[in-house]
Student: 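Sharing a structure below in structure tokens format, with a few things to ask.
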Amino acid sequence: MPKLPSFTAHKMEINQGNMVTPEMRHKLKLGMTRLQVQAILGTPLVNDAFHASRWDYVYRLEKKGKLLEKQRMTLYFEGDSLTRIDDGNMPALPAMVVPVSAEPAGEN
């Protein structure tokens, strides 16, 4: 009797929320307006009607049922101005390396 192949449940990759890259985070500056912040990060995932002065950007990546990455950034506004950024678990922005040439430009 031929042996039948075994089947396993397919677990897909699940991206949920707003992924904020270190470069995007680096562009944020205190004092920016809500529109300027939204132009950089997009619409926040959580927009609480009871806390209109707070925006939450949450991101989760799951693959095969296992959590691979999780981010959370909370922005606080006073009126239309960004006053505080809470990004405790965001990855650090890598240092920019600028190559230095041995010869001054234009000399050969």
Side-chain angles (χ1 to χ4, degrees):
M1 179 128 179
K3 187 174 180 180
L4 296 174
S6 62
F7 295 100
T8 59
H10 174 71
K11 296 201 178 197
M12 31 193 273
E13 186 174 301
I14 301 173
N15 288 318
Q16 293 181 325
N18 306 86
M19 180 173 191
V20 178
T21 65
E23 292 80 13
M24 291 164 70
R25 166 58 186 97
H26 186 67
K27 290 178 184 178
L28 289 179
K29 304 290 182 218
L30 296 179
M32 288 182 136
T33 66
R34 291 174 189 254
L35 285 175
Q36 290 171 322
V37 171
Q38 195 170 6
I40 294 170
L41 301 178
T43 305
L45 181 66
V46 180
N47 199 350
D48 188 349
F50 295 106
H51 300 100
S53 62
R54 172 182 164 164
W55 286 1
D56 291 292
Y57 289 86
V58 181
Y59 174 75
R60 292 175 54 91
L61 171 62
E62 292 182 13
K63 190 170 188 175
K64 296 184 180 180
K66 293 185 181 180
L67 181 63
L68 298 179
E69 187 176 352
K70 178 179 171 182
Q71 294 178 350
R72 181 180 189 102
M73 182 168 64
T74 304
L75 305 179
Y76 297 90
F77 294 88
E78 284 184 19
D80 194 40
S81 181
L82 179 63
T83 57
R84 190 171 117 207
I85 301 168
D86 181 8
D87 62 351
N89 65 346
M90 293 286 297
L93 185 66
M96 299 295 284
V97 178
V98 179
V100 178
S101 65
E103 298 177 354
E107 291 183 20
N108 278 331

Student: Any idea which heavy atoms bring M24 and I40 closest together, and the distance?
Tutor: CE-O, 3.4 Å
Student: What residues form a salt bridge (charged side-chain N to carboxylate O under 4.0 Å, His left out) with D80, not counting sequence neighbours?
Tutor: R34
Student: Run the side-chain hydrogen bond (donor to acceptor under 3.5 Å, both in side chains) test against R54 and tell me which residues pass, sequence neighbours left out.
Tutor: D56
Student: Side-chain contact, heavy-atom cut-off 4.5 Å: R25 with I85?
Tutor: yes
Student: Show the nearest heavy-atom pair for residues V20 and M73, with the distance to one decimal.
Tutor: CG1-CE, 3.8 Å
Student: For K29, is the NZ atom crowded, meaning more than 12 foreign heavy atoms sit under 6.0 Å from it?
Tutor: yes
Student: Say you draw a straight line from CD of Q71 to OG1 of T21; how long is it, rounded to the nearest 0.5 Å?
Tutor: 8.5 Å
Student: Check whether the side chains of S53 and E78 place a donor and an acceptor atom closer than 3.5 Å, and report yes or no.
Tutor: no
Student: Using every non-hydrogen atom in the two residues, find where G31 and S81 come nearest and quote the distance to one decimal.
Tutor: CA-OG, 3.4 Å
Student: By the ring-ring contact (aromatic ring centres under 6.0 Å, His included) test, which pairs, at least two apart or in different chains, include something from residues 62-87?
Tutor: W55-F77
Student: For the residue pair Y57 and V37, what are the closest heavy atoms and their distance?
Tutor: OH-CG1, 4.3 Å
Student: Under 4.5 Å between side-chain heavy atoms, counting indirect links through other Ile/Leu/Val/Met/Phe/Trp/Tyr residues: same cluster for L35 and L75 or not?
Tutor: no
